[in-house]
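Written out below as structure tokens is the structure these notes cover.
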Number of protein chains: 2
Amino acid sequence: MHCKPNNLGIIERKEREKAEMRRRIVDAAVEMIVEEGYEKVSIRNIADKIEYSPATIYLYYKDKDELLYDVQSQAFATLAEEFREKINAEDPFKRLEQLAVAYLEFSRQHPELYDLMFIIKAPMNTLVEKEKWENGDPSYDALHGLMQECIEKKVVKFKDATIATLSVWGFAHGLISLHLRGRCTKVSRVPEEDVPRVIATAIDEYLEMIKA
Amino acid sequence: MHCKPNNLGIIERKEREKAEMRRRIVDAAVEMIVEEGYEKVSIRNIADKIEYSPATIYLYYKDKDELLYDVQSQAFATLAEEFREKINAEDPFKRLEQLAVAYLEFSRQHPELYDLMFIIKAPMNTLVEKEKWENGDPSYDALHGLMQECIEKKVVKFKDATIATLSVWGFAHGLISLHLRGRCTKVSRVPEEDVPRVIATAIDEYLEMIKA
DNA sequence: CAAATATACTGAACAGTGTTTATTTTCCAA
DNA sequence: TTGGAAAATAAACACTGTTCAGTATATTTG
């Protein structure tokens with residue numbers, strides 16, 4: 001039979017401890033993904049790192065995908081921080097340029113996190129039992145709001161904010177992910193070491209092109 | 001000691017049989033990837049399908065990545081075929097539009113192959129001991145040549161063919177891969193069923209935008 | 001405080017993966 | 001027919017995610 005503890009302080013502490021444990025697990029996973037790469041992140045390795053048995057992790061996450069969803073959430077938090085720091089112009093178009101630079105820089109500084117956020121399938125499997133992608137939504141909404149403002153002030157050529165948002169995001173993501181997954185490498189006429197600069201230039205040119 | 005067979009017909013047959021075996025392996029893998037998805041493709045499953053032991057596959061491929069590289073090659077062959085069928089206009093810009101439509105359609109009809117060609121890491125690991133990505137190069141070159149022609153005839157705004165190529169490819173790939181990896185789904189203001197149409201529209205608008 | 005119970009944790013196993021090695025089977029040449 | 005090379009494999013290794021029976025630790029109740 002279910003027996004609730006009388007003392008409410010204890011049940012609160014239990015919840016706090018549960019949250020702390022989840023945090024320990026996610027922190028360990030983030031650290032591993034950043035320092036050793038996504039492929040090294042296994043349930044057993046995480047368990048070793050936090051000094052628990054692998055089975056224990058399944059008391060806090062129903063599967064690895066759900067754990068990775070929380071890691072992704074953490075990654076989006078650091079991206080949001082970057083955005084807050086680096087997007088501060090008055091002019092909406094200038095803010096769009098700042099956003100593009102910050103996004104590109106983030107992908108360079110945290111390629112493995114970028115992968116988890118925008119490429120790897122696993123964390124999105126948990127979305128089937130959610131109605132929204134809470135992790136990505138704030139960033140998407142930020143860009144959407146910015147594009148809407150750009151459209152209203154007629155500083156871009158777009159008419160529809162959704163198409164504008166997906167276009168800008170897609171353009172940057174396309175180049176970044178092709179590079180990240182090695183598709184720009186060893187292709188004719190693109191010297192390996194030039195790729196990053198070409199990507200930056202392409203994004204610059206694109207932003208010039210959509211300018212009204 | 002090494003003993004070459006005197007009869008040259010036999011050594012030829014051996015090579016033919018070796019090639020046939022590699023073809024059987026790749027065909028089985030392609031079939032599995034198309035019918036059951038990339039995740040179902042394992043050495044053991046392939047071995048079962050062609051009725052050989054798993055270890056036998058390692059007599060023809062040094063590892064799974066090398067095998068997947070050949071599967072990728074097969075996928076690029078079918079894409080090239082699509083291109084040959086659907087790109088036939090005189091006007092280079094019209095050809096560019098035809099290419100974009102064919103590329104987008106391919107990604108819809110063969111999402112798992114698209115994944116292997118442009119997103120999945122594995123097959124690219126074999127590139128470390130190659131000097132060129134022979135699989136992707138012809139398609140890349142086709143687009144590069146087309147962009148160069150468009151620039152020469154001044155039907156696009158681009159100045160540099162490499163940046164033009166990466167921009168067009170990146171734009172399409174960005175939208176397609178975000179969609180394929182579930183990043184457009186369950187994001188604010190983008191109704192699930194509208195995504196494909198929005199992507200097509202965005203590509204159309206982009207092509208209009210780069211038109212000189 | 002002691003007994004009963006609920007919670008937290010883990011060892012061991014299951015089913016799967018890519019890959020290697022020693023062994024056996026098949027094939028060809030002398 | 002026999003010696004030896006070539007081809008195929010069974011079995012193992014080291015991993016993976018995940019589950020479950022059993023143990024240890026708290027907490028509540030008599």
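These numbers come from a predicted model, not from an experiment. Residue numbers start from 1 in every chain, and the chains themselves are labelled A, B, ... in the order their sequence lines are given, proteins ahead of strands.
- Atoms CE (A:M21) and C1' (C:dT10) sit 12 Å apart, rounded to a whole Å.
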**OP:** Assess whether side chain to side chain donor-acceptor pair (under 3.5 Å) is satisfied between B:Y114 and B:Q109, documenting all intermediate values.
**Re:** CA-CA 9 Å; B:Y114 186 93; B:Q109 241 140 25; over 6 Å; no
**OP:** Check step by step if side chain to side chain contact (heavy atoms under 4.5 Å, CB included) holds for A:Y61 and A:I43.
**Re:** CA-CA 11 Å; A:Y61 288 102; A:I43 299 293; over 6 Å; no
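- With hydrogens and angles ignored, the 3.5 Å screen pairs a side-chain donor or acceptor of B:E66 with a backbone N or O of B:K62.
- Between the NZ atom of B:K18 and the C1' atom of D:dA7 there is a distance of 9 Å, given to the nearest Å.
- Among A:W133, A:F83, A:Y69, A:F106, the one residue that satisfies the ring-ring contact (aromatic ring centres under 6.0 Å, His included) test with A:F76 is A:W133.
- Distance from the side chain of B:S42 is smallest for C:dG18 among the nucleotides D:dT9, C:dG18, C:dA8.
- A straight line from CD of A:E51 to P of C:dG11 spans 13 Å, rounded to a whole angstrom.
- Nearest to the side-chain atoms of B:K64 among the listed nucleotides C:dC9, D:dA8, C:dG18 stands C:dG18.
- The aromatic rings of A:Y206 and A:F171 sit parallel to each other, their planes meeting at less than 30°, with 60° as the upper class boundary.
- Between B:L59 atom CG and C:dC27 atom C1' the separation is 15 Å, expressed in whole Å.
- B:E17 places its CD atom 15 Å from the P atom of C:dT26, with the value rounded to the nearest Å.
- Straight-line distance from the CD atom of A:E15 to the P atom of C:dA8: 11 Å, rounded to whole Å.
- Nucleic acid contact class of A:Y61 (heavy atoms, under 4.0 Å, all strands): none.
- Picking from C:dT10, D:dT18, C:dT21 the nucleotide with the shortest atom distance to the side chain of B:A55 gives C:dT21.
- Between B:Y60 and D:dA8 there is a side-chain polar atom (N or O) within less than 4.0 angstrom of OP1 or OP2.
- For B:S53 and D:dA8, the shortest distance from a side-chain N or O to OP1 or OP2 is not below 4.0 Å.
- Whole-Å rounding puts the A:Y52 OH to D:dT18 C1' distance at 20 Å.
- Side chain of B:I43, nearest nucleotide from D:dG17, C:dC9, C:dT19: C:dT19.
- OP1 or OP2 of C:dG16 has not a single side-chain nitrogen or oxygen of B:N45 nearer than 4.0 Å.
- Atom pair A:D63:CG and D:dG17:C1' shows a separation of 9 Å (rounding to whole Å applied).
- No hydrogens or angles were tested; on distance alone, a donor-acceptor pair under 3.5 Å links the side chain of A:R44 to the base of D:dG17.
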